[in-house]
Enquirer: 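Before anything else, here's the structure in question.
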Amino acid sequence: MNQALIDHPFSDTVQCPSIEHSHKTVVTDITWIPDHMEVTVAHLAGAGEFGPSVFSISERQGARMAGAKPSEEKESGGISNLSSSISKGRDQGKPLDNEGDLVYMDWKPEKDADSGKIVTPRPEQVWAAHDGPIATLQRSPFFRDTVLTVGGWTFAIWKEGVTSGPLLQSATHLMRLTGGHWSPSRPGVFFITKTDGNVDVWDLLDRSHEPSLTQNVTAAPITTISPHQVSSKQQLLAVGDSIGTLHVMEVPWNLRHPSANEANSMENFFEREVKRLAFVEERMKIREQEKKHLDAEESKRQQDGKRPEESDADVEARQRMEYQEYLQMEKQLLEELGIREESDDLEEV
């Protein structure tokens, strides 16, 4: 990898508004709009300032991304489209909660057999995914069954159908994580934002135990991030922080241009992780059976070692017998050593 890209992975900020023209509070959402569209948010008269926190904009006639064909359009991912149909007749999603739990459930209403009312089914799976509220839940634009979650001080990558746990889970970071986003052009790259103003760039084809690059963007906590593929030769990364500043940077070539067969390599990577989880789960079951077997043997051994309660006469008789056995062994040893002869017994008698 080029050392210059490691020292300065992102180009200088392309655009950063002045304080006078910037936001007055935390940047809560970033949405890229076409160059021919303009959005103006008015104030509500008599009700103070109107401050929406999330935007969702789409064109009815289809996206106009440079070089994109209708058949090649991909969903950008995010919480809003997680309830899209995964299979025929099933609307499945992964809701979030403030405890860091990841819930997998089917939102398709069904009729309750007892009451006859239309109810939502109970969750199929609940995982204690993170050590804090989940801030990001996003599907990969390349693998629709693969999900990135960010919460507390960790992030994780999950795969639908795998119930034993995440395919990949990070170690606990020193700084709290505030969000994440998949790369729109590289299947193995995603961005993680933190409260120290840094953006970690993870390239799973390069390494999976630590970020490939760390870029400092601002001194304030980062609140939102959104990459945008302008063209095949340019990709921008927008980052908003807690003091209302928007930073727009250009992503370098090595982080936006996929390697040869990168999608296949990442698919193989995820499949290996699935097999690893299945192996670990199977070994845990075997270990549990071995532990139960050892515990049963130990319990049986302890039961066999216990003697029934003895009376004083029985104890005295057993001790006398043990003493006679000791005398017999002593006599045999002395005779073998030649210290005592058999005639000595006659004299003693």
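Source: prediction; values computed, not measured. Only this structure's heavy atoms are used, side chains among them; waters, hydrogens and symmetry mates stay out.
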Enquirer: Are any non-hydrogen side-chain atoms of D241 and H247 less than 4.5 angstrom apart?
Expert: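 When only atoms from C-beta onward are counted, H247 and D241 do touch, with a gap below 4.5 Å.
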Enquirer: What are the two closest non-hydrogen atoms of L204 and F269, and how far apart are they?
Expert: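 Result for this residue pair: CD1-CE2, 4.1 Å.
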Enquirer: For the CD atom of Q138 and the CD1 atom of I157, what is their distance to the nearest 0.5 Å?
Expert: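 So the CD of Q138 and the CD1 of I157 are separated by 11.0 Å.
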Enquirer: Give me the ring orientation class for F190 and F155: parallel if the planes are under 30° apart, tilted from 30 to 60°, perpendicular past 60°.
Expert: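 Perpendicular, since the angle between the ring planes exceeds 60°.
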Enquirer: Establish, from distance only, whether the side-chain atoms of H293 and E297 form a donor-acceptor pair under 3.5 Å.
Expert: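 A donor-acceptor contact under 3.5 Å links the two side chains.
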Enquirer: Mark yes when over 12 heavy atoms from residues, nucleotides or ligands other than E316 sit less than 6.0 Å from its CD; otherwise mark no.
Expert: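 No, because the 6.0 Å sphere around CD of E316 holds 12 heavy atoms or fewer from other groups.
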Enquirer: Relative to each other, are the rings of F270 and F143 parallel, tilted or perpendicular (30° and 60° limits)?
Expert: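 Judged by the thresholds at 30° and 60°, the geometry between F270 and F143 is perpendicular.
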Enquirer: Could you state the interatomic distance from CD1 (I286) to CZ (R283), rounded to the nearest 0.5 Å?
Expert: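 It comes to 4.5 Å.
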Enquirer: Which heavy atom of R276 sits nearest a heavy atom of P166, and at what distance?
Expert: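 Closest approach of R276 to P166: NH2-O, 4.5 Å.
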Enquirer: Applying side chain to side chain contact (heavy atoms under 4.5 Å, CB included), run through H130 and T149 and close with a yes or a no.
Expert: CA-CA 9 Å; H130 299 284; T149 60; 2.8 Å; yes
Enquirer: If I compare all heavy atoms of D206 with all of S212, which pair ends up nearest, and what's the gap?
Expert: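 Nearest pair, atom of D206 first, then S212: OD2-OG, 3.0 Å.
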Enquirer: Apply side chain to side chain contact (heavy atoms under 4.5 Å, CB included) to the pair I118 and E110, showing each step before the final yes or no.
Expert: CA-CA 5 Å; I118 302 299; E110 61 182 19; over 6 Å; no
Enquirer: With a 4.5 Å limit on heavy-atom distance, are the side chains of V248 and L237 in contact?
Expert: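 No; the side chains remain at least 4.5 Å from each other.
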Enquirer: From D196 CG over to N216 CG, what is the distance, rounded to the nearest 0.5 angstrom?
Expert: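 Reported value, rounded in 0.5 Å steps: 7.5 Å.
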Enquirer: When the ring centroid of F191 is compared with that of W182, is the distance short of 6.0 Å?
Expert: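 So the answer is no for these two rings.
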Enquirer: I want to check something: taking the side chain as every heavy atom from C-beta on, are V201 and L255 in contact at a cut-off of under 4.5 Å?
Expert: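 The answer is yes; the side chains approach within 4.5 Å.
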Enquirer: Would you please test E262 and R186 for side chain to side chain contact (heavy atoms under 4.5 Å, CB included) and show each step?
Expert: CA-CA 8 Å; E262 181 168 338; R186 287 199 53 190; 3.1 Å; yes
Enquirer: Cut-off 3.5 Å, side chains only: do H181 and S226 have a donor facing an acceptor?
Expert: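 No, no side-chain donor-acceptor pair sits under 3.5 Å.
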Enquirer: With no hydrogens and no angle check, just 3.5 Å: does a side-chain donor-acceptor pair link Q235 and H228?
Expert: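 Note: Q235 and H228 side chains miss the donor-acceptor criterion.
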Enquirer: Is the CD atom of E210 crowded by more than 12 outside heavy atoms at less than 6.0 Å?
Expert: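 More than 12 within 6.0 Å, yes.
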Enquirer: Looking only at the side chains, is there a donor atom on one of T193 and T178 sitting less than 3.5 Å from an acceptor on the other?
Expert: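 Yes, side-chain donor-acceptor contact under 3.5 Å.
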Enquirer: Tell me, with the steps shown, if M321 and R318 meet side chain to side chain contact (heavy atoms under 4.5 Å, CB included).
Expert: CA-CA 5 Å; M321 184 179 298; R318 179 172 54 80; 5.7 Å; no
Enquirer: Linking I/L/V/M/F/W/Y whenever any side-chain heavy atoms sit under 4.5 Å apart, do V217 and V189 land together?
Expert: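 Linked, V217 and V189 end up in one cluster.
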Enquirer: Do M329 and L327 have side chains that get closer than 4.5 Å, going by heavy atoms?
Expert: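 A side-chain contact under 4.5 Å is absent here.
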Enquirer: Would you check if the side chain of R144 reaches a backbone N or O of S140 as a donor-acceptor pair within less than 3.5 Å?
Expert: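 Checked: pair present.
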Enquirer: I want to check something: taking the side chain as every heavy atom from C-beta on, are S164 and L277 in contact at a cut-off of under 4.5 Å?
Expert: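 In short, these two side chains touch, coming nearer than 4.5 Å.
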Enquirer: State, yes or no, whether a side-chain contact exists between W158 and T146 at a heavy-atom distance under 4.5 Å.
Expert: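 The answer is no; the side chains never approach within 4.5 Å.
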Enquirer: Give me the atom names and distance for the closest heavy-atom approach of R256 to K233.
Expert: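 Reported closest heavy-atom pair: NH2-O, 3.1 Å.
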Enquirer: Restricting to non-hydrogen atoms, name the atom on P211 and the atom on W202 that form the minimum distance, rounded to 0.1 Å.
Expert: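 Where P211 meets W202 most closely, the heavy atoms are CD-CZ2, 3.5 Å.
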Enquirer: Given S242, which partner from the list T218, T223, I222 fulfils the side-chain contact (heavy atoms from CB on, under 4.5 Å) test?
Expert: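 So, applying the side-chain contact (heavy atoms from CB on, under 4.5 Å) to S242 and each of T218, T223, I222, only T223 qualifies.
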Enquirer: Determine whether V274 and L167 make a side-chain contact, defined as any pair of heavy atoms from C-beta on separated by less than 4.5 Å.
Expert: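 Answer yes - side chains close enough.
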Enquirer: Counting heavy atoms not belonging to R287, are there more than 12 under 6.0 Å from its CZ?
Expert: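 At most 12 heavy atoms, drawn from other residues, nucleotides or ligands, come within 6.0 Å of this atom.
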Enquirer: Could you tell me whether the side chain of N268 and the main chain of N264 form a donor-acceptor pair under 3.5 Å?
Expert: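 A pair under 3.5 Å: yes.
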Enquirer: Does the distance from a Lys or Arg side-chain N to an Asp or Glu carboxylate O, for R139 and E160, drop under 4.0 Å?
Expert: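 Judged by the 4.0 Å cut-off on N to carboxylate O distance, R139 and E160 do form a salt bridge.
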Enquirer: Are the side chains of D200 and L213 in touch, meaning some heavy atoms are under 4.5 Å apart?
Expert: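 When only atoms from C-beta onward are counted, L213 and D200 do not touch, as no gap falls below 4.5 Å.
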Enquirer: Are W153 and L102 linked, directly or through intermediate hydrophobic residues, by side-chain heavy-atom contacts shorter than 4.5 Å (ILVMFWY only)?
Expert: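 Different hydrophobic clusters.
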Enquirer: Looking at T154 and S170, what are the two nearest heavy atoms and their distance?
Expert: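 Result for this residue pair: CA-OG, 3.5 Å.
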Enquirer: To the nearest 0.5 Å, how far apart are CG in L177 and OG1 in T136?
Expert: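 It comes to 9.0 Å.
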Enquirer: Atom CE of residue position M175 - does it have more than 12 heavy atoms of other residues, nucleotides or ligands inside 6.0 Å?
Expert: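 Counting other residues, nucleotides and ligands, CE of M175 exceeds 12 neighbours.
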Enquirer: If you measure from CG on D295 to CD on E298, what distance do you get to the nearest 0.5 Å?
Expert: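 Here the interatomic distance stands at 8.0 Å.
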Enquirer: Do the side chains of E288 and K291 get close enough for a salt bridge, i.e. N-O under 4.0 angstrom?
Expert: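 No.
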